[in-house]
*Asks:* 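Let me give you the structure first, and then I'll get to my questions.
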Amino acid sequence: MTTLGILGAGRVGTAIAREALRVGCDVLIAASGDPNRIALIAEVMAPGAKAVTAAEAVASADITILAVPLHRHSTLDPQIFAGHIVIDAMNHWADTDGPLPAEAVAGTTSEMVAAHLAGARVVKTFNHIGYHEMASDPLPANAPGRRALAVAGDDAAAREAAMELIDLLGFDPVDAGPLVAGAVFEPGTEIFNGRFDRAGLMAQLELAGVVDTAS
Ligand SMILES: NC(=O)c1ccc[n+]([C@@H]2O[C@H](COP(=O)([O-])OP(=O)(O)OC[C@H]3O[C@@H](n4cnc5c(N)ncnc54)[C@H](OP(=O)(O)O)[C@@H]3O)[C@@H](O)[C@H]2O)c1
């Protein structure tokens, strides 16, 4: 994995961009409009990241990360994502997103996003770590206490690609299985509110009734 696409040039998008650049990825970053509008943000917040359109980012990336406010997910053009690996790092945050959309009430927000981006290979992760912790928490593989991040998605190869990226960025990936399992690390859950190493996260997933398929 060498090229990361990031949709969203805000807190999460630029934090992941900086870290991806640090570990040697190429980074293409986009907001909703003309890339020229975020060229300066990219230059200052993630030097080395290239500001492009959303379509260009997705088309050229091995993995694309969605880091836009959840209520904006419906503005994403599904056609550009078909067949692509997409990491949903978004959360429902009432202050910015308003009430939970009706289509998400019965399921998880990532299932709602996957339904909108029909044909995309959607994986949920990076949602249960603060943007500032992307820089403060990475540790080398096998370091004691290395922070773990849960990964849920219905496409096993897409989950595997996301797990490789997580490891590259300095975290232990833990496979939580299908996308629906993301329910146990949405806001308000123990996992969302906590900070766990691999063993701790696996224990939390087990407590929540989710089987770890990677161990
Ligand atoms: N803050 C955290 O620590 C944290 C941690 C994990 C997950 N999250 C979740 O991550 C998401 C992003 O949070 P944030 O704090 O980074 O938000 P933010 O700082 O408000 O940034 C959002 C970015 O998304 C862009 N955007 C909006 N619509 C877009 C579209 N259709 N295509 C491409 N870009 C678009 C915005 O730019 P324009 O409006 O100019 O296009 C802006 O650059 C949220 O769902 C949040 O809940 C946050």
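Because only heavy atoms are used, hydrogens play no part in the values below, and waters and symmetry mates are left out as well, while side chains stay in. All ligand and atom numbering here is 1-based and tracks the order in the structure.
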*Asks:* Applying a heavy-atom cut-off of 4.0 Å, say which part of Ile129 lies close to ligand 1: side chain, backbone, both or neither.
*Replies:* backbone
*Asks:* Between Phe185 and His128, is the ring centroid distance below 6.0 Å?
*Replies:* yes
*Asks:* State the atoms of ligand 1, each with its element, that fall below the 4.0 Å cut-off from a heavy-atom position in Gly130.
*Replies:* 3 (O)
*Asks:* Does Ala67 approach ligand 1 within less than 4.0 angstrom via side chain, backbone, both or neither, non-hydrogen atoms only?
*Replies:* backbone
*Asks:* Name the option, out of Ala9, Ala54, Ala31, that contains the heavy atom nearest to atom 42 (C) of ligand 1.
*Replies:* Ala9
*Asks:* Rounded to the nearest 0.5 Å, how far does CG of Leu70 lie from CE of Met90?
*Replies:* 5.5 Å
*Asks:* Given the protein's heavy atoms, is any one of them under 4.0 Å from atom 36 (C) of ligand 1?
*Replies:* no
*Asks:* Side chain, backbone, both or neither: which part of His92 has a heavy atom under 4.0 Å from ligand 1?
*Replies:* neither
*Asks:* Under 4.0 Å from a heavy atom of Met90: give me the atoms of ligand 1 that qualify, with their elements.
*Replies:* 9 (C), 45 (O)
*Asks:* Does the side chain of Ser110 pick up a donor-acceptor pair with the side chain of Asp88 at under 3.5 Å?
*Replies:* yes
*Asks:* Return the residue, atom name and 0.1 Å-rounded distance of the protein heavy atom closest to atom 31 (N) of ligand 1.
*Replies:* Thr75 OG1, 2.8 Å
*Asks:* Just grab all the salt bridge (charged side-chain N to carboxylate O under 4.0 Å, His left out) pairs involving residues 136-147, residues at least two apart or on different chains.
*Replies:* Glu133-Arg147, Asp137-Arg147, Asp137-Arg195, Arg146-Asp167, Arg146-Asp172
*Asks:* Classify the ring geometry between Phe192 and Trp93 as parallel (under 30°), tilted (30 to 60°) or perpendicular (over 60°).
*Replies:* tilted
*Asks:* With a cut-off of 6.0 Å (strictly less than), are more than 12 heavy atoms of other residues, nucleotides or ligands near CG of Asn142?
*Replies:* no
*Asks:* Mind checking the CD1-CD1 spacing from Ile6 to Ile29? Nearest 0.5 Å is all I need.
*Replies:* 5.0 Å
*Asks:* Of the protein's non-hydrogen atoms, which lies at the shortest distance from atom 1 (N) of ligand 1, and what is that distance?
*Replies:* Tyr131 CD2, 3.6 Å
*Asks:* Pick whichever of Ile16, Val12, Leu70 has a heavy atom sitting closest to atom 48 (C) of ligand 1.
*Replies:* Val12
*Asks:* Starting from atom 19 (O) of ligand 1, find the nearest protein heavy-atom neighbour and note its residue, name and distance.
*Replies:* Arg11 N, 3.0 Å
*Asks:* Atom CG of Leu207 and atom CE of Met202: how far apart are they, to the nearest 0.5 Å?
*Replies:* 12.5 Å
*Asks:* Give me the nearest non-hydrogen protein atom to atom 40 (O) of ligand 1 as residue plus atom name, then the distance to 0.1 Å.
*Replies:* Arg37 NH2, 3.1 Å
*Asks:* Ligand 1 and Val68, any nitrogen or oxygen pair closer than 3.5 angstrom?
*Replies:* yes
*Asks:* Would you give the length of the straight line joining atom NE2 of His73 to atom CG of Leu117, rounded to the nearest 0.5 angstrom?
*Replies:* 7.5 Å
*Asks:* For the atom pair CG (Leu28) and OG1 (Thr64), what is the distance rounded to the nearest 0.5 Å?
*Replies:* 8.5 Å
*Asks:* Would you mind finding which of Leu76, Ile6, Asn91 brings a heavy atom closest to atom 46 (C) of ligand 1?
*Replies:* Asn91
*Asks:* Shared ILVMFWY cluster between Val113 and Leu149, side chains joined below 4.5 angstrom?
*Replies:* no
*Asks:* So which protein heavy atom does atom 25 (C) of ligand 1 come closest to, and at what separation?
*Replies:* Gly8 CA, 3.8 Å
*Asks:* For Glu186, which of Thr109, Asn91, Asn127 qualifies under side-chain hydrogen bond (donor to acceptor under 3.5 Å, both in side chains)?
*Replies:* Thr109
*Asks:* Around atom 22 (C) of ligand 1, find the nearest protein heavy atom and jot down its residue, atom name and distance.
*Replies:* Pro69 CD, 3.5 Å
*Asks:* Relative to the heavy atoms of Phe126, which atoms of ligand 1 are at a distance of less than 4.0 Å?
*Replies:* 6 (C)
*Asks:* When you compare ligand 1 with Trp93, is there at least one nitrogen or oxygen pair between them that comes in under 3.5 angstrom?
*Replies:* no
*Asks:* Should the proximity of Asn127 to ligand 1, defined as any heavy atom under 4.0 Å, be assigned to the side chain, the backbone, both, or neither?
*Replies:* backbone
*Asks:* Can you pull out the closest protein heavy atom to atom 41 (O) of ligand 1? Residue, atom name and distance to 0.1 Å, please.
*Replies:* Ser32 OG, 2.4 Å
*Asks:* To the nearest 0.5 Å, how far apart are CD1 in Ile63 and NE2 in His84?
*Replies:* 12.5 Å
*Asks:* Suppose we measure from atom 28 (N) of ligand 1 to each protein heavy atom; which comes out shortest, and what is that distance?
*Replies:* Arg72 NE, 3.0 Å
